[in-house]
Participant: 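This structure is in structure tokens; I'll ask about it shortly.
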Amino acid sequence: MDLYFIDYLASNGHSFFHKASAVPKMIFSMSIIIAIIMSNRPSFLAFLLLFLLLLLKILRQPVLKILAMTFYVAVFAIIFAVSQISGSFLWPLTIILKAVTAALSVLIVLTTTNYFDIFAVLAHFLPKLIADSLFMTYRSFFILLKELKNLTMAVKVKRGLSPRKIFTNLKSLGDILGVLFIHAVDLSSRSSEILAIRGYKGGMAKYRSLRCFSKYDFAPLILSVAALLGVGIFG
Amino acid sequence: MNEIVKVRCLKHVYPDATEVSVCGLDFVVHEGEKVVILGSNGSGKTTLLAHIIGLLKATEGEIKVFGKVPTKEFDEVILNIGVVFQNVDEQIIGPTVEDDIAFALRNRGVPSGEVDERVDAMMETMGIANLRRKIPHYLSGGEKKKVALAGALIANPVLLVLDEPFKGLDPIAKEEIIQLLSEINAKHKSALVITTHEVNLVSKIADVVYVLSGGNIIARGNPKEIFLNPQVLHQANMQPPDFLVLFSALREVGFDVGFPSTMEEAANMLAELLRKKDN
Amino acid sequence: MNEIVKVRCLKHVYPDATEVSVCGLDFVVHEGEKVVILGSNGSGKTTLLAHIIGLLKATEGEIKVFGKVPTKEFDEVILNIGVVFQNVDEQIIGPTVEDDIAFALRNRGVPSGEVDERVDAMMETMGIANLRRKIPHYLSGGEKKKVALAGALIANPVLLVLDEPFKGLDPIAKEEIIQLLSEINAKHKSALVITTHEVNLVSKIADVVYVLSGGNIIARGNPKEIFLNPQVLHQANMQPPDFLVLFSALREVGFDVGFPSTMEEAANMLAELLRKKDN
Amino acid sequence: MSHLHIPDGIIDPIWLLIGFIVTGLIIGLSLFMLRKKDIQKLVPRIGIISAVMLLGMSVPLPIGIGYHLNLSVLVGIILGPWAGFISAFIVNLILALIGHGGVTVIGLNSLIIGSETVFGFLFFGALRSFLRINISALIATFFALALSTALMMGIVGITQVNPAKFLHHHEHNHQTQLEEHNHQVDSQEELAEISLIKFAKIIIPFAFIGWVIESLITSAIIGFMGRVKPDLFYERER
Ligand SMILES: Nc1ncnc2c1ncn2[C@@H]1O[C@H](COP(=O)(O)OP(=O)(O)OP(=O)(O)O)[C@@H](O)[C@H]1O
Ligand SMILES: Nc1ncnc2c1ncn2[C@@H]1O[C@H](COP(=O)(O)OP(=O)(O)OP(=O)(O)O)[C@@H](O)[C@H]1O
Ligand SMILES: [Mg+2]
Ligand SMILES: [Mg+2]
């Protein structure tokens with residue numbers, strides 16, 4: 001499960017990107033994406049992609065595994081690309097490069113920054129209800145993931161899931177998700193009780209203070225400027 | 001001592017028409033008292049706790065906490081109660097351990113400098129200072145318990161309510177929790193209300209024991225009184241701690257040697273007895 | 001007796017890089033044997049079980065169940081294993097009790113007439129015939145355990161794996177489960193593998209006890225051998241059952257009276273001893 | 001893959017902006033409609049149901065192909081249209097953050113998935129009064145997904161045709177490498193209408209299988225919930 005692995009990478013790494021705070025890294029990612037939107041030149045986009053992969057390598061992150069996480073985006077992009085073939089292969093290539101590079105720039109930030117630090121930044125732009133719900137989504141995702149794993153194991157042991165039996169599998173999946181949904185609704189009512197007991201009145205997304213500026217924040221900022229200059233000159 | 005909790009013949013009907021009653025004796029907790037609630041599965045322990053903390057509204061009966069009705073004056077009452085539920089995983093809301101422990105204080109608008117200080121002190125007390133920046137879903141069961149306990153204690157509650165705090169823990173972790181609870185009780189004079197199925201631990205933590213059975217509170221007393229009352233034991237389908245079983249067995253075969261309150265006392269008493277017989 | 005399970009120096013690395021090892025002695029289960037696994041929180045009990053039933057693939061080590069590698073021949077191996085996980089809520093998935101119990105049989109394509117018969121018989125055995133059409137979601141903890149157990153037993157497994165089956169149950173419910181398991185073991189010769197933290201129950205159910213500590217299986221033996229081995233107890237941070245603590249205390253003050261295997265035996269031995277001294 | 005997440009870099013910035021604005025307006029309306037609800041109840045409900053939706057999307061279906069579930073209609077049925085749309089936005093935000101869809105298209109993607117939750121809710125509500133709930137769920141899901149796919153193709157269609165001209169002029173003024181851009185943009189312009197048909201030809205067969213699977217599973221789940229906990233479904237307050 002990607003989210004689990006991303007969370008793990010973010011909370012267990014020690015690179016200079018891990019140490020930088022969320023805001024400059026988010027600026028970094030946005031700059032890359034702006035560069036991607038502005039440029040239509042495959043060579044520049046390919047250079048950006050290689051640059052990001054190299055950055056991942058320098059950060060000692062598992063490059064291939066993170067690149068693999070852009071799989072879905074790549075597939076979507078290919079569908080768009082294939083349906084637009086114009087004789088030249090350059091435009092489809094451009095589309096795929098854009099999609100994958102953009103996704104990678106976000107993943108670099110996510111695999112070096114804890115979710116909740118990013119949410120805490122977003123909380124300053126989002127309505128209270130949405131920002132707090134984001135935090136709740138994050139926490140409950142891991143609680144429910146564990147339950148989903150356990151339910152799946154229990155069904156597997158009773159042979160409700162096996163490689164060749166598609167219909168049995170679909171039915172079992174329906175059962176599993178049914179149980180999961182019901183438990184999720186129960187969990188949500190217990191969680192409201194817990195929030196009430198602990199005095200919650202809204203606004204928890206802003207409890208996490210944004211970190212102060214540190215020397216580590218220079219790296220993503222310098223890279224942002226470089227990306228923007230790069231697209232201005234070469235893109 | 002002041003009564004801080006008083007429940008008289010509580011009845012609750014759940015939406016699916018399940019009726020739960022806790023009648024019979026009154027359920028009373030005094031300031032600083034350590035109270036354990038015993039009773040079989042489904043006897044209404046959790047239901048009773050939910051009423052005390054104002055989460056459920058009684059269909060019938062009288063519930064007073066700090067002299068107030070908890071459902072009516074929820075905000076005031078809950079301010080002085082700390083709660084640890086059965087499933088601690090669900091109770092940890094904050095994205096990191098320190099955030100979670102600080103949660104109640106921040107909700108109350110305590111200034112952030114003070115929050116930090118109090119969180120630090122609390123983590124020190126609980127021996128979890130090293131977990132500060134950890135993410136809750138990477139903690140072990142025992143660690144999660146301690147984090148939840150710290151989060152409940154941070155606001156210095158007058159009353160601490162714990163639903164099966166020992167469930168699923170290994171013996172050493174249980175001892176640690178008992179130790180922590182005793183310290184907190186001694187230091188802050190927080191009253192404790194604990195439900196459990198672990199009779200062997202009761203005499204280590206309880207001043208007073210309540211026994212729930214068949215919709216009634218059928219007994220109140222110190223652990224020894226309760227465990228030596230065959231009628232209560234029988235009625236509640238309960239087993240006393242092992243060392244008392246042993247002493248009861250001895251009594252039945254004609255050796256009435258009195259009854260110990262704890263394991264250590266039991267060992268001492270037996271040794272004494274044997275020594276006496278030797279001479 | 002045949003060995004049906006054999007695990008030799010298992011190592012598993014979880015996706016988040018947590019490393020768990022179960023090395024030291026081999027873990028062996030013979031046909032019809034009742035095996036209990038002890039060890040503190042996080043010592044790897046659940047991990048070991050997950051490997052035996054083929055849900056996890058070992059990073060290192062040798063695992064054989066019925067002479068096969070469970071991950072490789074999952075379908076054949078699991079056919080003869082019944083499993084009850086720690087959290088029953090996360091394994092009962094049928095919309096009604098009877099549907100849930102029938103689940104494994106239906107997945108195997110057993111004709112529906114036979115399914116009904118076997119489900120009936122099973123519910124009779126477990127004493128839950130009255131729950132037939134109930135929705136599992138609303139059952140009590142003890143009832144859910146029995147439903148899960150029935151669902152695991154329905155296919156007459158040669159090996160029954162239970163992860164903390166006593167957790168959260170009241171003493172009477174625990175006794176009932178022990179009773180049921182003993183009957184099943186006696187009747188169908190199903191081997192049992194049980195993890196638990198309840199040392200006081202071990203001697204009631206175990207032929208063989210394994211102790212996990214620090215990544216190793218540090219001991220194997222019958223309950224008495226294990227609980228009377230101070231080195232093992234110390235290393236595994238474990239407490240023996242209360243009656244043995246008592247007898248150890250007696251021995252320390254000079255009364256070496258031997259050691260009982262169960263509570264009843266303990267009471268008898270003491271009575272005997274006192275009687276002797278009287279004369 | 002019952003629907004498509006649009007990646008970054010395909011759609012012109014002006015449409016991205018429009019996507020964000022429309023999504024923002026709908027969220028504003030939703031917040032207004034939910035303003036009287038208790039935030040202590042709403043936050044866990046939205047948060048936890050969004051988490052389930054994310055889980056559904058992240059677990060590959062055990063049928064061998066690269067399909068995953070969506071659960072958007074189910075979310076709509078449980079949360080109702082307002083909280084349901086917010087949930088769709090949250091899920092898209094998180095998906096974008098894990099590289100599962102574009103960051104710049106969060107607005108547009110939210111409209112697409114949000115339409116599934118809202119229309120799924122509406123269809124289910126309408127059908128439920130005279131059909132069994134699992135049948136209602138089946139039909140509601142199928143049509144909500146078909147509708148959202150149509151919406152997505154509409155978005156792709158619109159955004160490919162007009163903005164190309166915009167892009168053209170825009171770049172004409174500011175860019176130095178006119179030759180290359182003009183060429184690419186022109187060919188794109190010519191092919192836009194045709195490409196939509198091509199696009200549909202590729203998408204629809206895949207999407208159709210996705211609709212069927214999603215409908216079947218949604219129906220199974222709703223049937224299950226209806227037996228176990230019928231009070232789960234969102235009811236409009238009167
Ligand atoms: N939300 C609920 N809806 C319907 N019935 C409920 C609900 N919660 C509890 N009950 C029922 O009320 C009775 C008392 O339950 P309660 O949880 O208070 O027991 P308990 O003493 O805490 O048991 P345990 O030791 O298993 O925790 C039980 O019969 C239970 O099935
Ligand atoms: N899915 C997982 N991902 C990462 N680490 C895990 C996972 N499951 C277990 N662990 C870790 O592996 C170790 C062994 O866990 P395991 O659950 O096997 O212990 P246990 O003996 O069953 O403990 P308990 O008595 O608490 O049930 C622990 O340190 C635990 O944190
Ligand atoms: Mg309870
Ligand atoms: Mg375990």
Side-chain angles (χ1 to χ4, degrees), chain A residues 1 3-4 6-12 14 18-19 22 113-120 123 131-147 149-150 183-184 186-211, chain B residues 15 46 49-50 52-56 70-71 74-110 112-113 115-116 119 133-139 144 148 151-155 157 161 163:
Chain A
M1 168 55 222
L3 201 49
Y4 191 81
I6 290 172
D7 188 73
Y8 166 71
L9 290 176
S11 42
N12 288 284
H14 301 286
H18 282 92
K19 287 176 189 144
T113 319
N114 281 313
Y115 265 92
F116 40 83
D117 284 327
I118 290 170
F119 291 170
D132 284 6
S133 298
L134 262 177
F135 272 82
M136 207 70 205
T137 306
Y138 171 77
R139 247 315 269 163
S140 14
F141 179 86
F142 290 94
I143 294 175
L144 292 168
L145 176 65
K146 200 166 123 200
E147 166 152 5
K149 271 189 188 160
N150 290 343
H183 286 186
D186 283 352
L187 174 62
S188 93
S189 54
R190 285 195 301 272
S191 295
S192 357
E193 291 176 350
I194 286 160
L195 289 178
I197 285 172
R198 303 187 73 185
Y200 168 78
K201 295 276 189 298
M204 68 166 139
K206 288 199 179 159
Y207 289 169
R208 263 194 92 74
S209 49
L210 306 179
R211 255 191 278 170
Chain B
T46 302
L49 297 187
I52 293 174
I53 56 186
L55 290 179
L56 288 180
T71 42
F74 183 80
D75 286 345
E76 293 94 281
V77 170
I78 207 68
L79 216 55
N80 292 310
I81 305 185
V83 185
V84 179
F85 286 107
Q86 259 184 58
N87 190 342
V88 279
D89 230 330
E90 297 172 355
Q91 185 167 2
I92 301 178
I93 306 280
T96 68
V97 167
E98 60 180 346
D99 285 322
D100 187 72
I101 298 176
F103 191 65
L105 293 183
R106 293 201 177 132
N107 284 329
R108 288 168 197 192
V110 176
S112 85
V115 170
D116 290 348
V119 169
R133 292 191 201 292
K134 291 242 169 159
I135 296 173
H137 44 262
Y138 296 115
L139 300 179
K144 281 183 191 156
L153 284 170
I154 192 77
V161 173
D163 202 1

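All chains are named by letter (A, B, ...) in the order of the sequence lines, taking the proteins before the strands, and each is independently numbered beginning at 1.
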Participant: Please rank A/I143, A/L195, A/I197 by heavy-atom pairs under 4.5 Å with chain B and give me the top one.
Facilitator: A/I197
Participant: Using a 3.5 Å distance criterion without hydrogens, assess whether the side chain of A/R198 forms a donor-acceptor pair with backbone atoms of B/Q91.
Facilitator: yes
Participant: Please classify the contact between B/D89 and chain A as side chain, backbone, both or neither, with a heavy-atom cut-off of under 4.5 Å.
Facilitator: both
Participant: Relative to chain B, which segment of A/L187 carries a heavy atom at a distance below 4.5 Å: side chain, backbone, both, or neither?
Facilitator: side chain
Participant: Kindly give the heavy-atom pair with the smallest separation between A/R208 and B/P95, and that separation in Å.
Facilitator: CD-CG, 4.2 Å
Participant: Where does B/N87 contact chain A at under 4.5 Å (heavy atoms): side chain, backbone, both or neither?
Facilitator: neither
Participant: Any side-chain to backbone donor/acceptor pair from A/H18 onto A/L9? Under 3.5 Å, distance only.
Facilitator: yes
Participant: Using non-hydrogen atoms only, which part of B/I93 is less than 4.5 Å away from chain A: side chain, backbone, both, or neither?
Facilitator: both
Participant: Considering only heavy atoms and a distance below 4.5 Å, find which of A/S140, A/G202, A/A196, A/S191 pairs most often with chain B.
Facilitator: A/A196
Participant: By a 4.5 Å heavy-atom criterion (distance strictly below it), what part of B/I92 contacts chain A: side chain, backbone, both, or neither?
Facilitator: both
Participant: Which bit of A/Y8 is near chain B, if near means a heavy-atom gap under 4.5 Å: side chain, backbone, both or neither?
Facilitator: both
Participant: Under 3.5 Å, is there a donor-acceptor pair linking the side chains of A/D7 and B/Y138?
Facilitator: yes
Participant: Chain B heavy atoms under 4.5 Å from A/F135: which part of the residue, side chain, backbone, both or neither?
Facilitator: side chain
Participant: Once side chain to side chain donor-acceptor pair (under 3.5 Å) is applied, do any residues pair with B/D116, and if so which ones, sequence neighbours excluded?
Facilitator: none
Participant: Identify the heavy atoms of A/A123 and A/A205 that sit nearest to each other, and give their distance.
Facilitator: CB-CB, 3.5 Å
Participant: Would you name the heavy atoms of A/F142 and B/H137 that are closest together and state the gap between them?
Facilitator: CD1-CE1, 3.2 Å
Participant: Please state whether the side chain, the backbone, both or neither of A/Y200 comes within less than 4.5 Å of a heavy atom of chain B.
Facilitator: both
